[in-house]
Amino acid sequence: MNFTNSIADHFQQPFYSIVSPTPVPNPRIIGWSEEVAALLKIKQDSVWLEALAGNKILPGMQPIATRYAGHQFGHWAGQLGDGRAIILGEIDSQEIQLKGAGPTPYSRRADGRAVLRSSLREFLCSEAMFHLGIPTTRALALLTTGESVTRDMFYDGHPAAEPGAICVRVAKSFLRFGHFEMLASDGDQKTFRKLLDYVLAMYQTDRVEIFFAELCRRTAQLMSEWLRVGFIHAVMNTDNMSILGLTIDYGPYGWLDIYDPNFTPNTTDRDYKRYRFSAQPAIALWNLQRLADAFSALGEDVSAGLEIYKTEFNLSFQKMSADKLGLSEFDLSLSEELDQILQLQETDYTLFYRELAGSITTNQLKDCFYQQQSKEHQLRIENWLSVWRKKLPAETAQQISAKMNQVNPAFLVRNYLAFEATQDLEKNNFVKFNELMSALRRPYEKPSEEFYKKMPAWARQQPGCSALSCSS
């Protein structure tokens, strides 16, 4: 096990700051990803417990926090940085980062800590997205710290003590669009060029336009993948956009339980819905445009990549849409009619597509709706099914259904499930958490009935289920 830190080796301050995690009194590993541990070739033991809690610095580690900027909710926010994320170092070119391990110079008067509810959600969703086949940062471990952290969950003047926790994140790089934006804002041509060379090496090219075009392709494909599974990131600021095209920073994210293109789970975005489900592809393009602006400010024209984004997203979206319906090619009229039908009555997005795969010969969709179907809705569904069946490829129903079930997940770590697991963990009950960990590794297999059902009525108004904030 040899720790390095390529950011510290390649760059100078103020691109990053050397920091020390703040020790915690009683760390305990309560979540562990064997897959990520195997990738890093490490084992869960007392030494790693202390290191991942921030209580011990292992040989070769050089903990740092990086400085970046960003556009937040469409507005330039200036300097931001790793306010509660500390990179311990790298093993085999994989960065290990602690989220919630104490303050850094970029904490903006905050404590740099995190609470169990948000750390659990990040741990679960990082691994769930990986097993769904969606590019993402990973999570190695989830730890409780043995101390309380005070948070005002909805910024409404009602702070409360919650269990403290640390999520240990892993990625080839946690670099964001905002790192380039910060250097462009500084006018720091030298460091900008060094960062660009560093990223070009990760893309295995020496041409800026090739790197940016590939980033645009990856980001376009990522947006299509989010739409495929009904994922809403909910805080797509430029500082939350990965320079490698990964899903990064799991904050007030959510899933489409009820299909609604305008849904966002983020209470901060409740009025304007900038980061609603259907807007994510357009926001990704807007963010790429801001990154292109940063490049332009320092003499690089990468604008051609933005057209590649548009082309790639259209292609990937059409293929994704066809695959979800079991079709050989995209059918615009069929997709538009279905989109309208799904909004006529509250429809469970995940269950609908899974049950659609079993509706090639007979309608099995009745359990996908949150209220009893109206006659008008039943008629439109039946008409749509009739047209859809005629457009399916010349294969057996079993073959078509199998292909559809490879792209339409049967299990997601829905917000209410993560909420229930958090409630249980606070009582030292690990049953629900362990069941979720097992199910998320096989998201395309039909899970137990407990996990294959619509969102319960109680979750609609429960804080931390349908509505979340950035407080963590």
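Numbering of residues begins at 1 and proceeds along the displayed sequence. These numbers come from the heavy atoms of this one structure, side chains and all, not from hydrogens, waters or symmetry mates.
Relative ring orientation between His179 and Phe15 is described as tilted, the plane-to-plane angle lying within the 30° to 60° band. Using cut-offs of 30° and 60° on the angle between ring planes, the pair Phe231 and Tyr250 is perpendicular.
Cation-pi geometry between Arg290 and Trp76 is not satisfied (NZ or CZ under 6.0 Å from the ring centre, within 45° of the ring normal). Remark: Arg138 is positioned above the aromatic ring of Phe130, its terminal NZ or CZ atom under 6.0 angstrom from the ring centre and at most 45 degrees off the axis. Judged by the 6.0 Å and 45° rule, Arg121 forms a cation-pi pair with Tyr253.
Side-chain contact between Leu124 and Leu436 is present, with at least one heavy-atom pair separated by less than 4.5 Å. Inter-residue side-chain proximity for Phe295 and Leu298 is flagged as unmet; no heavy-atom pair is nearer than 4.5 Å. The closest side-chain heavy-atom distance from Phe433 to Phe123 is below 4.5 Å. Residues Glu95 and Ser173 form a side-chain contact, since some pair of their non-hydrogen atoms from C-beta on lies under 4.5 Å apart. The closest side-chain heavy-atom distance from Ser316 to Arg217 is not below 4.5 Å. At a threshold of 4.5 Å between non-hydrogen side-chain atoms, the residues Arg108 and Leu80 count as touching. Put simply, the side chain of Phe352 does not reach to within 4.5 Å of the side chain of Asn408, judged on heavy atoms. Side-chain contact between Ile64 and Ile86 is absent, with no heavy-atom pair separated by less than 4.5 Å.
The distance between the ring centers of Tyr275 and Phe73 falls below 6.0 angstrom. Ring pair Tyr198/Phe11: centre-to-centre distance below 6.0 Å. Checked against the 6.0 Å centroid criterion, the rings of Phe451 and Phe411 qualify as a close aromatic pair.
In this model, a donor atom of one side chain and an acceptor atom of the other lie less than 3.5 Å apart for Thr238 and Glu181. Checked by atom type, the side-chain pair Ser6/Glu90 shows a donor-acceptor distance below 3.5 Å. Side-chain N/O atoms of Asp82 and Thr66 include a donor and acceptor closer than 3.5 Å. No donor-acceptor contact under 3.5 angstrom links the side chains of Gln289 and Asp293, judged on distance only. Side-chain polar atoms of Asn266 and Thr264 form no donor-acceptor pair below 3.5 angstrom. Residues Ser17 and Tyr106 bring a donor and an acceptor atom of their side chains to less than 3.5 Å of each other. Defined by atom type and a distance below 3.5 Å, a donor-acceptor pair is missing between the side-chain atoms of Asn5 and Gln62.
Under the 3.5 Å distance criterion, the side-chain polar atoms of Asn415 are matched with a main-chain donor or acceptor of Cys465. Tyr444 places no side-chain N or O within 3.5 Å of a backbone atom of Pro409 that could act as its donor or acceptor partner. Judged by distance alone, with hydrogens and angles left aside, the side-chain atoms of Asp186 form no donor-acceptor pair with the main-chain N or O of Asp188 at under 3.5 Å. Although no hydrogens or angles enter the test, the distance criterion places a donor-acceptor pair under 3.5 Å between the side chain of Thr267 and the main chain of Leu468. Within the 3.5 Å criterion, the main-chain N or O of Arg67 finds no donor-acceptor partner in the side chain of Gln79. At distances below 3.5 Å, at least one donor-acceptor pair connects side-chain atoms of Thr247 with backbone N or O atoms of Pro135. A donor-acceptor contact shorter than 3.5 Å is absent between the side chain of His71 and the backbone of Gly78. Asp269 places a side-chain N or O within donor-acceptor distance of the main-chain N or O of Arg274, the cut-off being under 3.5 Å. Checked by atom type and distance alone, the side chain of Asn314 pairs as donor or acceptor with a backbone atom of Lys310 at under 3.5 Å.
The distance from the OH atom of Tyr203 to the CG atom of Leu215 is 4.5 Å, given to the nearest 0.5 Å. Atoms CG and CZ, on Leu244 and Arg176 in that order, are 11.5 Å from each other to the nearest 0.5 Å. If you take OG1 on Thr219 and CD1 on Ile308, they are separated by 12.0 Å, rounding to the nearest 0.5 Å. Between Met223 atom CE and Arg218 atom CZ the span is 13.5 Å, to the nearest 0.5 Å. Going from atom CG of Leu195 over to atom CD1 of Ile243 covers 7.5 Å, rounded to the nearest 0.5 Å. If you take CG on Leu256 and OG1 on Thr347, they are separated by 11.0 Å, rounding to the nearest 0.5 Å.
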**Asked** Val407 and Met320: side chain to side chain contact (heavy atoms under 4.5 Å, CB included), yes or no, with the steps?
**Response** CA-CA 8 Å; Val407 297; Met320 177 272 293; over 6 Å; no
**Asked** Taking it one step at a time, do Val24 and Thr144 satisfy side chain to side chain contact (heavy atoms under 4.5 Å, CB included)?
**Response** CA-CA 9 Å; Val24 298; Thr144 52; over 6 Å; no
**Prompt:** Would Met129 and Trp226 count as a side chain to side chain contact (heavy atoms under 4.5 Å, CB included) if you check the C-alpha gap in whole Å, the side-chain angles of each, and the deciding distance to 0.1 Å?
**Reply:** CA-CA 9 Å; Met129 291 288 269; Trp226 286 4; 3.8 Å; yes
**Request:** Carefully, step by step, assess Ile7 and Ile87 under the rule side chain to side chain contact (heavy atoms under 4.5 Å, CB included).
**Result:** CA-CA 10 Å; Ile7 291 179; Ile87 298 173; 4.1 Å; yes
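Heavy-atom neighbours of Lys432 NZ from other residues, nucleotides or ligands within 6.0 Å: above the threshold of 12. The environment of Phe430 atom CZ is dense: over 12 non-hydrogen atoms of other residues, nucleotides or ligands sit within 6.0 angstrom. No more than 12 heavy atoms of other residues, nucleotides or ligands sit less than 6.0 Å from atom NZ of Lys56. Other residues, nucleotides and ligands contribute at most 12 non-hydrogen atoms within 6.0 Å of the NZ atom of Lys43.
Nearest heavy atom pair, residue Met455 against residue Tyr416, reads CA-CE2, 3.9 Å. What you find for Pro105 and Val19 is that their closest heavy atoms are CD-CG1, 3.6 Å.
Glu162 has no carboxylate O lying under 4.0 Å from a charged side-chain N of Arg113, or vice versa, which leaves the two without a salt bridge. The pair Arg193-Glu300 meets the salt-bridge criterion, since a charged nitrogen lies less than 4.0 angstrom from a carboxylate oxygen. Ionic pairing of Arg460 and Glu346 is present here: one or more N-O contacts between side-chain nitrogen and carboxylate oxygen are shorter than 4.0 angstrom. The pair Arg414-Asp348 counts as a salt bridge, with a side-chain nitrogen and a carboxylate oxygen less than 4.0 angstrom apart. Between Arg151 and Asp111, at least one side-chain nitrogen of the basic residue sits less than 4.0 Å from a carboxylate oxygen of the acidic one, meeting the salt-bridge criterion. Ion pair Arg169/Asp249 flagged as a salt bridge, since at least one NZ, NE, NH1 or NH2 atom sits closer than 4.0 Å to an Asp/Glu carboxylate oxygen. Between Glu35 and Arg441, at least one side-chain N (NZ, or NE/NH1/NH2) sits under 4.0 Å from a carboxylate O, which counts as a salt bridge. Checked for salt-bridge contact, Asp92 and Lys41 meet the test: a charged N lies under 4.0 Å from a carboxylate O.
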